[in-house]
Student: 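One structure follows; several queries about it will come next.
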Amino acid sequence: MQAILLPRFFDRSALVVGRELLGKFLVRRRRGREVALPVTELEVYDGFKDRASHAFWGKTARNQVMFGDAGHLYVYLVYGMHWMLNVTVGPSGYPAAILIRGAGDIRGPGKLTATLGIDKRQNGTSALPASGLWFEDRGVRVPDELVEKTARIGISYAGNVWAKKPYRFLLKERDQVTLIISYARILHERKQAG
DNA sequence: GCAGTGATCATA
DNA sequence: ATGATCACTGCC
């Protein structure tokens with residue numbers, strides 16, 4: 001069972017999509033090789049009033065993708081060296097996006113993009129196979145008791161209220177999850193070998 | 001604790 | 001044009 005997440009999945013409330021994206025698979029295909037990793041950590045940036053969001057001060061050349069249709073990739077450079085991968089959510093005209101901070105055994109949004117070869121070339125493209133980067137539901141259901149919610153990272157400039165919103169979602173027992181994934185990979189490879 | 005690095009926006 | 005800032009990482 002595996003289904004590509006289509007734009008309609010992303011065209012809903014940012015917090016709902018964020019919660020549901022945990023455990024979905026981020027799939028990256030390049031040079032004929034495909035890697036699929038379960039999303040383990042993310043942050044939600046939601047709308048005009050979110051002081052932590054790039055969209056708070058309005059639309060600019062950089063953040064315009066956030067104002068567009070749901071299900072598109074918003075990729076930008078921070079601190080001069082790290083690409084950040086986001087997927088846009090919510091209706092057109094309403095700026096919202098989800099920052100992917102971890103997938104599989106990769107922790108940290110900069111390491112994720114470095115590992116998967118993601119940069120400005122993906123900015124503005126659809127989160128569909130044509131872009132080489134998309135999301136799939138592979139039948140994993142993450143129960144509420146395995147979801148931890150905390151404040152977002154690195155946004156102290158956002159003021160008391162918005163800096164404290166529990167918009168960062170991560171899987172508890174992340175190590176066990178990645179262990180199970182690598183186990184599944186070993187079993188799969190063994191099966192291939194016969 | 002803080003250096004490195006370069007795109008972005010000029011507002012709070 | 002310049003300068004402050006930054007949704008990070010790795011090393012001290």
Side-chain angles (χ1 to χ4, degrees), chain A residues 10 12-24 26 28 35 37-91 93-127 131 133-135 147-172 174-175 178:
Chain A
F10 298 99
R12 295 178 294 156
S13 138
L15 290 169
V16 168
V17 178
R19 166 64 182 85
E20 291 190 17
L21 208 51
L22 278 179
K24 299 295 189 293
L26 175 65
R28 172 73 168 131
V35 183
L37 302 167
V39 175
T40 58
E41 179 183 345
L42 55 84
E43 282 174 3
V44 173
Y45 290 84
D46 187 16
F48 300 96
K49 290 186 283 191
D50 184 351
R51 297 184 75 94
S53 171
H54 287 170
F56 181 72
W57 299 106
K59 190 197 248 184
T60 66
R62 177 177 67 163
N63 66 20
Q64 59 176 323
V65 179
M66 290 185 78
F67 290 77
D69 292 333
H72 286 248
L73 302 175
Y74 172 41
V75 184
Y76 66 89
L77 188 69
V78 73
Y79 296 114
M81 47 187 118
H82 303 297
W83 295 100
M84 299 289 103
L85 170 65
N86 301 249
V87 57
T88 59
V89 297
Y94 182 86
I98 292 172
L99 169 67
I100 311 299
R101 294 187 58 91
D105 56 355
I106 306 168
R107 293 176 190 202
K111 284 193 282 190
L112 181 73
T113 55
T115 303
L116 297 180
I118 295 164
D119 58 30
K120 65 181 171 200
R121 289 172 296 181
Q122 281 77 37
N123 187 42
T125 64
S126 295
S131 301
L133 190 63
W134 68 97
F135 295 89
V147 177
E148 185 177 355
K149 298 184 182 182
T150 78
R152 292 168 291 183
I153 305 294
I155 52 144
S156 51
Y157 57 83
N160 253 338
V161 173
W162 287 94
K164 287 179 176 165
K165 296 248 185 211
Y167 282 8
R168 174 176 176 238
F169 299 174
L170 23 52
L171 282 184
K172 294 178 187 171
R174 176 155 49 173
D175 292 333
T178 57

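Only a predicted model underlies this, so the values are computations on that prediction, with no experimental measurement involved. The sequence lines fix the lettering, A, B, ..., with proteins before strands; numbering per chain opens at 1.
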Student: Pairs counted as Watson-Crick or G-U wobble with both distances under 3.5 Å: what dot-bracket string results for DNA chain B, using | for bases tied to another strand?
Tutor: ||||.|||||..
Student: Among residues 108-118 of chain A, which residues get a heavy atom nearer than 4.0 Å to DNA chain C?
Tutor: A:Gly108, A:Pro109, A:Gly110, A:Lys111
Student: What contact category does A:Phe56 fall into here, base, sugar-phosphate, or nothing, at under 4.0 angstrom with non-hydrogen atoms?
Tutor: nothing
Student: Look only at the side chain of A:Arg101 and the backbone of A:Leu170, and say whether a donor-acceptor pair between them is shorter than 3.5 Å.
Tutor: no
Student: With a 4.0 Å cut-off on N to O distance, would you call A:Asp175 and A:Arg107 a salt bridge?
Tutor: yes
Student: Within residues 93-105 of chain A, which residues have any heavy atom lying less than 4.0 Å from an atom of DNA chain C?
Tutor: A:Leu99, A:Arg101
Student: I'd like to compare against my own output: the B/S/- annotation of nucleotides 1-8 of chain B with a strict under-4.0 Å heavy-atom distance to protein.
Tutor: ---BBB-S
Student: Just do the side-chain contact (heavy atoms from CB on, under 4.5 Å) check on A:Phe10 and A:His72 with the steps written out, would you?
Tutor: CA-CA 9 Å; A:Phe10 298 99; A:His72 286 248; over 6 Å; no
Student: Given the rule in the side-chain contact (heavy atoms from CB on, under 4.5 Å) test, do A:Leu77 and A:Lys120 qualify, once you have shown the distances and angles that lead to the verdict?
Tutor: CA-CA 8 Å; A:Leu77 188 69; A:Lys120 65 181 171 200; over 6 Å; no
Student: Tabulated below should be each protein N or O lying under 3.5 Å from an N or O of nucleotides 1-5 of chain C; please produce it.
Tutor:
none

Student: Show the nearest heavy-atom pair for residues A:Ala14 and A:Val44, with the distance to one decimal.
Tutor: CB-CG1, 3.6 Å
Student: Can you list the residues that meet the ring-ring contact (aromatic ring centres under 6.0 Å, His included) rule with A:Tyr45, with sequence neighbours excluded?
Tutor: none
